[in-house]
Protein chains: 2
Amino acid sequence: MAHDVTFHPSSLRADPAGFHLAAVPTDATPGWDGGKAAGVQALADLAPALMDLQERLYAERTRSVLLVLQGMDTSGKGGTLKHTVGLVDPQGVRITSFKAPTDEERAHDFLWRIERAAPEPGYVGVFDRSHYEDVLIGRVRSLAPPEEIDRRYAAINDFEARLTEQGTTVLKCMLHISAQEQRERLLARLDAPEKHWKFNPGDLDERAFWPAYQEAYEIAIERTSTEHAPWYVVPSDRKWYRNLAIGHLLHATLAGLDPQWPAADFDVDEQRRRLVSEKPLG
Amino acid sequence: MAHDVTFHPSSLRADPAGFHLAAVPTDATPGWDGGKAAGVQALADLAPALMDLQERLYAERTRSVLLVLQGMDTSGKGGTLKHTVGLVDPQGVRITSFKAPTDEERAHDFLWRIERAAPEPGYVGVFDRSHYEDVLIGRVRSLAPPEEIDRRYAAINDFEARLTEQGTTVLKCMLHISAQEQRERLLARLDAPEKHWKFNPGDLDERAFWPAYQEAYEIAIERTSTEHAPWYVVPSDRKWYRNLAIGHLLHATLAGLDPQWPAADFDVDEQRRRLVSEKPLG
């Protein structure tokens, strides 16, 4: 049975000591030996438990989860939103997609727009791209002086520590694909008219910097993998595995919080009596 | 086959000429004679088409839909978010739950916080409660002088006309339940510890004003059912019917917009050549 296969998302956790991104395969399925069909079924089987945990978190209204999705173009951030985040109640989810900063955002510290999007208690916040862009494209394209880029890693760690102290559990996933896989996905977008809107010629300009981006990811993961906010590198050449792995990571994060249905802060019997003995309405 | 049963959501449209809310049954299933099991299946069958239309709207980024959900406590606004809105890609959905206004919100016109939550182009915005609270609880509980309440109906019509002109299609649904059904749902919340967090003793205080609320809804629907933003009164004693009906209303609204995948604004062949002939990366 698919759900008897044990999945260990902890094996995806990046070890910052001498982290080498190139050593992490993009097409493997670590922790899962059930194949695709069973993997798709296992995610569907996980959905009720994921929904239950998320609803308890929402009911509690004291803590929150922030899922950070980072990855190269076509790595599947949007697909993860649809297939994995889409499994829980949208009422308790806050998705923020970060684009190139506006003039107003650029006039502030790079974390200004990020802090404003942090999830309120009870919510699962999801960042589709994030503050990490400021040490990824920021570094690769020299959008800030080297000393400013350098300053940002510690600023990010401080920020995430603060989030954690305030009750937000930070779950950071890098969707790891190969350059060859990206090439195939970009060609697929060009081949399908209904996917043209997802394609931007600028994506190819960024692709030309592939090795520099991989290096920037490696440095970011090495310098911001902390006890309170570790990175998980998710092999993402296989979309079904990516969805399943992130589903399990989200599930493990919520289960770790063990949210509970809040106890009534009123006298249940008294309220029941009020209803049972009410006078005719109107 | 379930999906061969034709559903006509237009039959739920309120006719403002001499509108009588009490004449609308709460437990009927207008437009649907397939029963519950087939109704649940029909909503599942509708999901792919709903997702496709919503993704096209998102891709276009020119128009938007605003789904307004109003109804008495327990009428199923949250259930609609989970079971119907939850069928589409959460990336393209913006849900706003309106609570009692804050001091800052109260210091502004009642529409101030509403306008700020209007959906951007491409999005399906959903209001869980809305500006209508200001002519519902506002009227029933005399939260504003009668002449101010009176002013608001026209202000709402102007506001919704403006939204429509700017490309937002407004879909307003009243989730219509009977007082007896609310009583049973409130008792069910009291009987289940995992539902206690949804119960508030204040809900019973509001319930005591049931006839006044029904009158306030009737007046609101009569005065704000316009050509550009009609009201749909959805019999909601049966949860499966409510989910199915609102799913069909949302589908009909999106289908009416007939959103199209945007054409490429770049030379597809040129981009394909760039990819196929690229130099080794790095």
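Atom set for the values below is all heavy atoms of this structure, side chains included, hydrogens, waters and symmetry mates excluded. Below, read A as the first sequence line, B as the second, and so on, with proteins coming before strands; counting in each chain starts at 1.
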What residue in A:Asp265, A:Leu204, A:Val268 has the most heavy-atom pairs under 4.5 Å with chain B?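 Ranked by contacts with chain B, first place is A:Leu204.
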
Contact winner vs chain B - A:Arg189, A:Met51, A:Gln260, heavy-atom pairs under 4.5 Å: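 Answer, by heavy-atom pair count under 4.5 Å with chain B: A:Met51.
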
*asked:* Are there residues of residues 70-82 of chain B whose heavy atoms fall under 4.5 Å of chain A's heavy atoms? If so, which?
replied: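 Within residues 70-82 of chain B, the residues that come under 4.5 Å of chain A (heavy atoms only) are B:Gly78, B:Leu81, B:Lys82.
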
Which residues satisfy the side-chain hydrogen bond (donor to acceptor under 3.5 Å, both in side chains) test with B:Gln182, sequence neighbours excluded?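 Partners of B:Gln182 by the side-chain hydrogen bond (donor to acceptor under 3.5 Å, both in side chains) criterion, ordered by chain and then number, come out as B:Arg207.
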
All pairs passing salt bridge (Lys or Arg N to Asp or Glu O under 4.0 Å) where residues 90-101 of chain A contributes a residue, at least two apart:
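Salt bridge (Lys or Arg N to Asp or Glu O under 4.0 Å) check on residues 90-101 of chain A returns no pairs.
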
Taking all heavy atoms of B:Gly86 and all of A:Pro90, pick out the closest pair and write down the distance.
->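 Shortest heavy-atom contact: CA-CG, 3.8 Å.
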
(request) Check B:Leu281 against A:Ala208 and note the closest heavy-atom contact, atom names and distance. (result)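 Closest approach of B:Leu281 to A:Ala208: CD2-CA, 4.1 Å.
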
Q: Working to the nearest 0.5 Å, report the span between CD of B:Gln271 and CG of A:Leu187.
A: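 Reported to 0.5 Å precision, the distance equals 11.0 Å.
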
Could you give the distance from CG (B:Leu275) to CD (A:Glu184), rounded to the nearest 0.5 Å?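 Atom-to-atom, B:Leu275:CG and A:Glu184:CD are 11.0 Å apart.
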
| message | Given heavy-atom pairs under 4.5 angstrom as the criterion, report whether the side chain, backbone, both or neither of A:Glu278 touches chain B. | response |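 Just the side chain, heavy atoms under 4.5 Å.
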
Would you mind checking which part of [X] comes under 4.5 Å of any heavy atom in chain A, side chain (CB onward), backbone (N, CA, C, O), both or neither?
X: B:Glu270; value: neither
X: B:Asp205; value: both
X: B:Val88; value: neither
X: B:Asp191; value: both

Exercise for review: Report yes if the side chains of B:Ile95 and A:Val93 come closer than 4.5 Å at any heavy-atom pair, otherwise no.
Suggested key: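 Sidechains of A:Val93 and B:Ile95: no contact.
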
For a quick test of your reading: what N or O donor-acceptor pairs under 3.5 Å do the side chains of residues 193-202 of chain A make, sequence neighbours left out?
unit_1, atom_1, unit_2, atom_2, d
A:His196, NE2, A:Leu190, O, 2.9
A:Trp197, NE1, A:Glu194, O, 3.1
A:Asn200, OD1, A:Gly202, N, 2.8

I need the residue from B:Ala264, B:Ala179, B:Ala59 with the largest number of non-hydrogen atom pairs under 4.5 Å to chain A.
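Of B:Ala264, B:Ala179, B:Ala59, B:Ala59 has the most heavy-atom pairs under 4.5 Å with chain A.
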
